[in-house]
Amino acid sequence: GQNIDQPTEMTATEGAIVQINCTYQTSGFNGLFWYQQHAGEAPTFLSYNVLDGLEEKGRFSSFLSRSKGYSYLLLKELQMKDSASYLCAVRDQDYKLSFGAGTTVTVRA
Amino acid sequence: IAGITQAPTSQILAAGRRMTLRCTQDMRHNAMYWYRQDLGLGLRLIHYSNTAGTTGKGEVPDGYSVSRANTDDFPLTLASAVPSQTSVYFCASSARGSTDTQYFGPGTRLTVL
């Protein structure tokens with residue numbers, strides 16, 4: 001199985017940068033995903049890493065280190081609409097996802 | 001618009017009743033999944049199906065059953081609902097390619113009294 005840890009809550013100011021860390025222990029790693037979930041809505045896909053390194057997509061970037069069992073999601077130039085939960089998910093060899101409990105990010109004016 | 005639909009949006013159910021949550025996708029995705037989401041626990045996989053005609057158990061399958069008669073539909077049945085099954089249920093699908101991004105439906109909020 002998978003053991004996935006991420007902080008419960010983070011608060012940041014509009015325009016700032018926030019980094020959400022995710023550590024995992026896995027019995028078979030086949031990729032790491034980040035999802036965004038606004039309150040009362042479905043999770044939506046943000047990023048995918050399967051090789052070590054940084055993947056950049058606009059204001060969002062995701063980093064992976066497989067040897068350390070570590071990933072982070074970087075949110076730059078924070079906007080009020082970025083207030084949401086961010087879910088780290090690890091995929092196993094059978095293509096099943098295991099999710100962390102999520103990190104709630106609150107952006108303040 | 002292509003995507004995943006779930007029904008009902010919300011439901012209040014008496015304990016002991018049978019309930020089927022519906023999920024339909026029109027993206028021709030091979031794989032479909034059912035999750036429940038509870039505060040502080042995140043999304044947990046209940047059952048999944050890699051292709052029509054096959055199903056598998058996830059992390060928390062007890063009390064739930066699924067079927068996959070065709071590519072588009074993946075209903076989740078609670079044979080005899082209990083209060084611990086109060087949760088938000090999300091259906092998801094993926095194409096099972098190398099990126100294999102899962103796309104989620106809008107969810108069903110179920111309350112069992």
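Excluded from the calculations below are hydrogen atoms, water molecules and symmetry mates; all remaining heavy atoms, backbone and side chain alike, are included. Lettering follows sequence order; numbering is per chain, from 1.
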> Check whether B:Glu59 gets within reach of chain A through its side chain, its backbone, both or neither, counting any heavy atom under 4.5 Å.
neither

> Let me know if A:Leu97 has heavy atoms under 4.5 Å from chain B in its side chain, its backbone, both or neither.
both

> With distance as the sole criterion, is a donor-acceptor pair present between the side chains of B:Thr24 and B:Asp73 under 3.5 Å?
yes

> Measure B:Leu45 against the heavy atoms of chain A and call it side chain, backbone, both or neither at under 4.5 Å.
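B:Leu45 touches chain A through side-chain heavy atoms alone.
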
> Are B:Thr77 and B:Thr20 close enough that a side-chain donor and a side-chain acceptor fall under 3.5 Å?
yes

> Is there a side-chain contact between B:Met27 and B:Ile4 (heavy atoms, below 4.5 Å)?
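Side chain of B:Met27 against side chain of B:Ile4, heavy atoms only: contact under 4.5 Å found.
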
> How about A:Tyr24 and A:Phe29: are their ring centres within less than 6.0 Å of each other?
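Centroid separation for A:Tyr24 and A:Phe29: below 6.0 Å.
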
